[in-house]
Amino acid sequence: MKSQSLQASVINDLVLLSSVGIHPIFVHGGGPAINLWLDQIGLKPSFPNGLRVTDSSTMEIMTMVLVGKVSKHLVSLINRAGATAVGLSGMDGHLLIARPLPKAAQLGFAGEVAAVDSTILRALIANNHIPVIASVAADENGQSYNINADTVAGELAAALGAKKLILLTDVAGILEDKDDPKTLVKEIDITGVKKMVEDGKIAGGMIPKVNCCVRSLAQGVQTASIINGRVQHLLLLEILTDEGAGTMITGS
């Protein structure tokens, strides 16, 4: 969400949803901001299979940018829009315990979620606050890890027993033909998604998005949707209308 108007649209939608009794939790990354700061110190990002390679220098920059800049900016926007937001990272309140991804030798300090303690989130939700979560966490020894924001969202949704997981991206959703935006798949089940991955129709950065949707559904989340965050108010259409928006993945 580089565009300020799009940021404002999503923030206003979150605040509206909160005002009508829905309890949104906003999990964010910050790729463009991270890449800008990495470029300033001469580090070039790499993304094999849609996952960022994270060395120690990159990890330090990521923590500073996500927790100290992006999170605070989003919290400020939500507060100004009329709600009350609280910024957290996975390290706060024992929210997340991280562990390295299986391909640690290739990806460095890129991690996954080993455990979730949702106590602090439940307290915030009970007081009608909107949690804003930066997708960094530490392992049991205090080593920081970069975790894909979609993965964090999926694990939190499962831990909280959320009815719906929504991933905002820069495409319409899952496409039958990735080069043709008119081939949007409106609804698909886990079996269908896995077949599309096997057939190579889902690739690149869409793979971790789909994987986290499948995992969250397997853990009890009712539906998971991938929608275009660049279209204003699509979030409201997805939640408040029967037609929805983007691609909805179901468990069966």
Side-chain angles (χ1 to χ4, degrees), residues 1 24-34 45-54 58-59 62-63 65-67 70-71 74 87-104 106-118 121 131-140 143-162 164-171 173-174 190 193-194 197 202-227 229 246-249 251:
M1 290 189 297
I25 296 173
F26 192 1
V27 180
H28 68 88
I34 293 167
S46 176
F47 296 89
N49 295 317
L51 297 173
R52 182 187 292 271
V53 175
T54 309
T58 300
M59 188 67 243
M62 289 189 69
T63 302
V65 172
L66 292 181
V67 179
V70 177
S71 179
L74 294 171
L88 301 169
S89 73
M91 303 170 195
D92 296 307
H94 304 289
L95 178 57
L96 301 174
I97 300 297
R99 64 187 173 207
L101 285 170
K103 296 182 179 180
Q106 178 186 6
L107 296 173
F109 296 111
E112 61 186 7
V113 176
V116 178
D117 182 345
S118 61
L121 290 185
V132 177
I133 315 297
S135 58
V136 294
D139 64 16
E140 293 178 339
Q143 172 60 54
S144 297
Y145 285 88
N146 158 43
I147 306 180
N148 179 276
D150 298 324
T151 300
V152 171
E155 294 299 315
L156 290 177
L160 289 163
K164 193 168 191 64
L165 168 69
I166 301 176
L167 306 183
L168 299 182
T169 184
D170 58 358
V171 295
I174 296 174
I190 290 176
V193 163
K194 289 181 177 179
V197 172
I202 295 175
M206 187 60 74
I207 290 178
K209 293 182 184 298
V210 165
N211 286 344
C212 90
C213 288
V214 170
R215 181 171 169 82
S216 68
L217 291 168
Q219 296 180 86
V221 176
Q222 293 180 15
T223 65
S225 297
I226 301 173
I227 69 174
T247 300
M248 183 173 74
I249 306 173

Where is the tightest heavy-atom contact between [X] and [Y], given as atom of each residue plus distance?
| X | Y | result |
| --- | --- | --- |
| Ala137 | Leu96 | CB-CB, 3.8 Å |
| Ala134 | Val67 | CB-CG2, 4.1 Å |
| Leu66 | Ser135 | CD1-OG, 4.1 Å |
| His28 | Ala149 | C-CB, 3.7 Å |
| Ser216 | Gly154 | CB-O, 3.6 Å |
| Ala224 | Leu217 | N-CD2, 3.9 Å |

Practice task
Decide salt bridge (Lys or Arg N to Asp or Glu O under 4.0 Å) for Arg215 and Glu155; before the verdict, give the C-alpha distance in whole Å, the side-chain angles of both, and the deciding distance to 0.1 Å.
Solution key: CA-CA 8 Å; Arg215 181 171 169 82; Glu155 294 299 315; 2.4 Å; yes
Measuring from [X]:[atom1] to [Y]:[atom2], what's the distance to the nearest 0.5 Å?
| X | Y | atom1 | atom2 | result |
| --- | --- | --- | --- | --- |
| Glu112 | Cys212 | CD | SG | 13.0 Å |
| Leu95 | Leu88 | CG | CG | 6.5 Å |
| Asp117 | Asp92 | CG | CG | 12.5 Å |
| Met91 | Asp139 | CE | CG | 9.5 Å |
| Leu121 | Ile25 | CG | CD1 | 5.0 Å |
| Asn146 | Thr151 | CG | OG1 | 9.5 Å |

Practice task
Go through the steps to decide whether Ile249 and Thr223 satisfy the test side-chain contact (heavy atoms from CB on, under 4.5 Å), and finish with yes or no.
Solution key: CA-CA 6 Å; Ile249 306 173; Thr223 65; over 6 Å; no
Handout entry: Heavy-atom side-chain contact between Pro100 and Tyr145 under 4.5 Å
Key = yes
Practice task
Flag the pair Lys209 and Asp150 as a salt bridge only when some basic side-chain nitrogen lies within less than 4.0 angstrom of an acidic carboxylate oxygen.
Solution key: yes
Problem - More than 12 heavy atoms of other groups within 6.0 Å of Lys164 NZ - result: yes
